[in-house]
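All figures in this text were calculated on a predicted structure; none of them were measured in a lab.
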Amino acid sequence: MNDGCLIESRREERVLQLFRLLNPGLEKRKETAKRQLLFAVPRVVAVSPQMRLVEDNPSSLSLLDIYKLRCSKTNVDHDAPIARYYEKLTAIQDRKSQVTHKDLCDVLRDVQTYMVPRSMLKEWASSTFQDATDYWTFRKSMTLHLALLCFAQYCLHLSFLRPEMLQIAQDSGHLHSAYFRFDMSDSTGNLHNSDDSHQCNVSFRLTPNLCEFITKVGIESVLSAAMIAASRCFMQPNFKVEGLLRAVVRDEMIVWHKKRHDENNYQNGGGGGEKTNPPPDIASNQLVSLVDNAVTWIMKRIQGLA
């Protein structure tokens, strides 16, 4: 991978490092071990400041790849839903009307009815795993790993898990998410959604196709039970989860402080090419306060889910 921004790629690696540190706790707890709950973490080797080697599973593919495979089989242009979206918007604007929420819902419903059915992911899995046992095993493994990613996104205050971030390993059903980072405020350094009043209505990722594939029974049993089992595992004091969080979040706060100092220098006229002074270290009391707040909010969500 060629990374344009060194700081952002290191932030992503920090989250992967945290997942690796949390895996031993999942292996030692009965409820998580019997479900084989483990974060799928690819190995990453930094080659240079702008390049890194990332472990890749040859059998992995994204939801977009699955959609394009279906389009190639049915001889349909994969850009057709985008074209339909803009056609609808153009027709509304030609009438000199404002685009309303209902109009957007109609476009979505139209695309789901005629172009991207809710059963597309399920049909791909059925054709790929024709044996019933293989299909059941793949579906359960994928559901359990999705539950772990949903748990991580919600409890660890990570950036929203978008469908394009998911990579599905066909040989194991493991899910890996790219570009996961701590969701922080650029101005204060605090984690976003730290206050209960600002929590989003849906704190985990489920698309219509994922719902259809996992099934309602799977969502209400396997998915939710796995999320609760993971949270109860990390509430165990002997796993010292708070200590792991402090170590990782501390590095995140130090990088945030340096980045903010660089941006302030640039806005104040220091971006003209002249040499600027290195950023001062963040004050100890400020660093301790930021880390304590972040860890408290994370543990509060884990406890609430448990």
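A salt bridge between R52 and E12 is present, with a side-chain N of the basic residue lying under 4.0 Å from a carboxylate O of the acidic one. Ion pairing between D106 and R109 holds under the 4.0 Å rule for side-chain N and carboxylate O. A salt bridge links E164 with R162: the distance from a Lys NZ or Arg NE/NH1/NH2 to an Asp or Glu carboxylate oxygen falls below 4.0 Å.
Using modelled atom types, one finds a donor on one side chain and an acceptor on the other under 3.5 Å when comparing S62 with D65.
A donor-acceptor pair under 3.5 Å links the side-chain atoms of D103 to the main chain of T100, judged by distance alone. For the pair S141 (side chain) and F138 (backbone), a donor-acceptor distance under 3.5 Å is absent.
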(Q) Could you go through R139 and V222, starting from their C-alpha distance and side-chain angles, then the distance that decides it, and tell me whether this counts as side-chain contact (heavy atoms from CB on, under 4.5 Å)? (A) CA-CA 10 Å; R139 184 178 65 184; V222 180; over 6 Å; no
(Q) side-chain contact (heavy atoms from CB on, under 4.5 Å) for M253 and M184? Distances and angles first, verdict last. (A) CA-CA 9 Å; M253 297 304 176; M184 295 172 59; 3.7 Å; yes
Q) What's the verdict on side-chain contact (heavy atoms from CB on, under 4.5 Å) for E13 and R10, showing C-alpha distance, side-chain angles and the deciding distance? A) CA-CA 5 Å; E13 289 172 24; R10 292 295 175 265; 2.9 Å; yes
Q: Carefully, step by step, assess L63 and I168 under the rule side-chain contact (heavy atoms from CB on, under 4.5 Å).
A: CA-CA 8 Å; L63 293 173; I168 306 168; 3.9 Å; yes
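For CZ of R181, the number of neighbouring non-hydrogen atoms (other residues, nucleotides, ligands) closer than 6.0 Å is greater than 12. Dense packing is recorded around CD of Q286, with more than 12 heavy atoms of other residues, nucleotides or ligands lying under 6.0 Å away. Annotation for Q36: atom CD does not count as buried by contact number, only 12 or fewer foreign heavy atoms lying within 6.0 Å.
Taking all atoms of both residues into account, the shortest heavy-atom contact from S159 to Q153 is O-CG, 3.5 Å. Residues L38 and E27 share a closest heavy-atom pair of CD2-CG, 3.5 Å. Across every non-hydrogen atom of A294 and V249, the tightest pair is CB-CG1, 3.8 Å. Residue A226 comes nearest to L144 through the heavy atom pair CB-CD2, 3.8 Å, listed as atom of the first residue, atom of the second, then distance. The two atoms that bring C155 and I298 nearest to each other are O-CG2, 3.4 Å, heavy atoms only. When all heavy atoms are compared, the tightest approach of A147 to M227 is O-CG, 3.4 Å.
For the atom pair CD1 (I219) and CZ (F213), the distance works out to 11.5 Å, reported to the nearest 0.5 Å. Annotation: the span from I302 atom CD1 to W297 atom CH2 amounts to 15.0 Å, rounded to 0.5 Å. To the nearest 0.5 Å, atom CG of residue N190 and atom OG of residue S289 are 7.5 Å apart. Atom CD1 of I228 sits about 10.0 Å away from atom CG of L223, to the nearest 0.5 Å. Going from atom CG of L22 over to atom CG of L37 covers 12.5 Å, rounded to the nearest 0.5 Å. To the nearest 0.5 Å, the span separating CG on L146 from CG on L206 amounts to 6.0 Å.
Residues L64 and H78 are not in side-chain contact: their nearest non-hydrogen atoms beyond the backbone lie 4.5 Å or more apart. At least one side-chain heavy atom of T128 sits under 4.5 Å from a side-chain heavy atom of Q170. No side-chain heavy atom of V248 sits less than 4.5 Å from a side-chain heavy atom of L244. Using a 4.5 Å heavy-atom cutoff, the side chains of L161 and L166 are in contact. Taking 4.5 Å as the limit, every side-chain heavy atom of T188 sits out of range of all side-chain heavy atoms of L290. Residues Q17 and R20 fail the side-chain proximity criterion, which asks for heavy atoms closer than 4.5 Å. The closest side-chain heavy-atom distance from V15 to L156 is not below 4.5 Å.
V288 forms part of no hydrophobic cluster, judged by ILVMFWY side-chain heavy-atom separations under 4.5 Å.
Taking V47 as the reference, L53 meet the side-chain contact (heavy atoms from CB on, under 4.5 Å) condition, with sequence neighbours excluded. In this structure D292 satisfies the side chain to side chain donor-acceptor pair (under 3.5 Å) test together with R246, sequence neighbours excluded. Remark: N209 engages V116, M120, L121, T207 in a side-chain contact (heavy atoms from CB on, under 4.5 Å) (not counting sequence neighbours). E252 pairs by the side chain to side chain donor-acceptor pair (under 3.5 Å) definition with R11, R14, not counting sequence neighbours. Under the rule for a side-chain contact (heavy atoms from CB on, under 4.5 Å), the partners of T74 that lie at least two apart in sequence or sit in another chain are V76. Listed by chain and number, the residues in a side-chain contact (heavy atoms from CB on, under 4.5 Å) with D56 are S60 (sequence neighbours excluded).
Residues M115 and I66 fall into different hydrophobic clusters, defined by Ile, Leu, Val, Met, Phe, Trp and Tyr side chains chained together at heavy-atom separations under 4.5 Å. Transitive grouping of hydrophobic side chains (ILVMFWY, heavy atoms separated by less than 4.5 Å) brings M299 and F239 into a common cluster. A continuous path of hydrophobic side-chain contacts links I82 to I92 [ILVMFWY only; heavy atoms under 4.5 Å]. A chain of hydrophobic side-chain contacts below 4.5 Å, direct or via other Ile, Leu, Val, Met, Phe, Trp or Tyr residues, connects M235 to L305.
Residue pairs meeting the side-chain hydrogen bond (donor to acceptor under 3.5 Å, both in side chains) criterion with at least one partner in residues 79-98, sequence neighbours excluded, are R84-D110. Counting only residues at least two apart or on different chains, the ring pair (Phe, Tyr, Trp, His ring centres under 6.0 Å) pairs with a member in residues 31-60 are F19-F39. Every pair tested for ring pair (Phe, Tyr, Trp, His ring centres under 6.0 Å) that includes a residue from residues 40-72 fails, sequence neighbours excluded, so the list is empty. Among residues at least two apart or in separate chains, there is no side-chain hydrogen bond (donor to acceptor under 3.5 Å, both in side chains) pair with a member in residues 225-240. Each ring pair (Phe, Tyr, Trp, His ring centres under 6.0 Å) pair with one or both residues in residues 162-185, not counting sequence neighbours, appears once here: H145-H174.
Ring orientation note: the planes of W124 and F129 are nearly perpendicular, at an angle over 60° on the 30°/60° scale.
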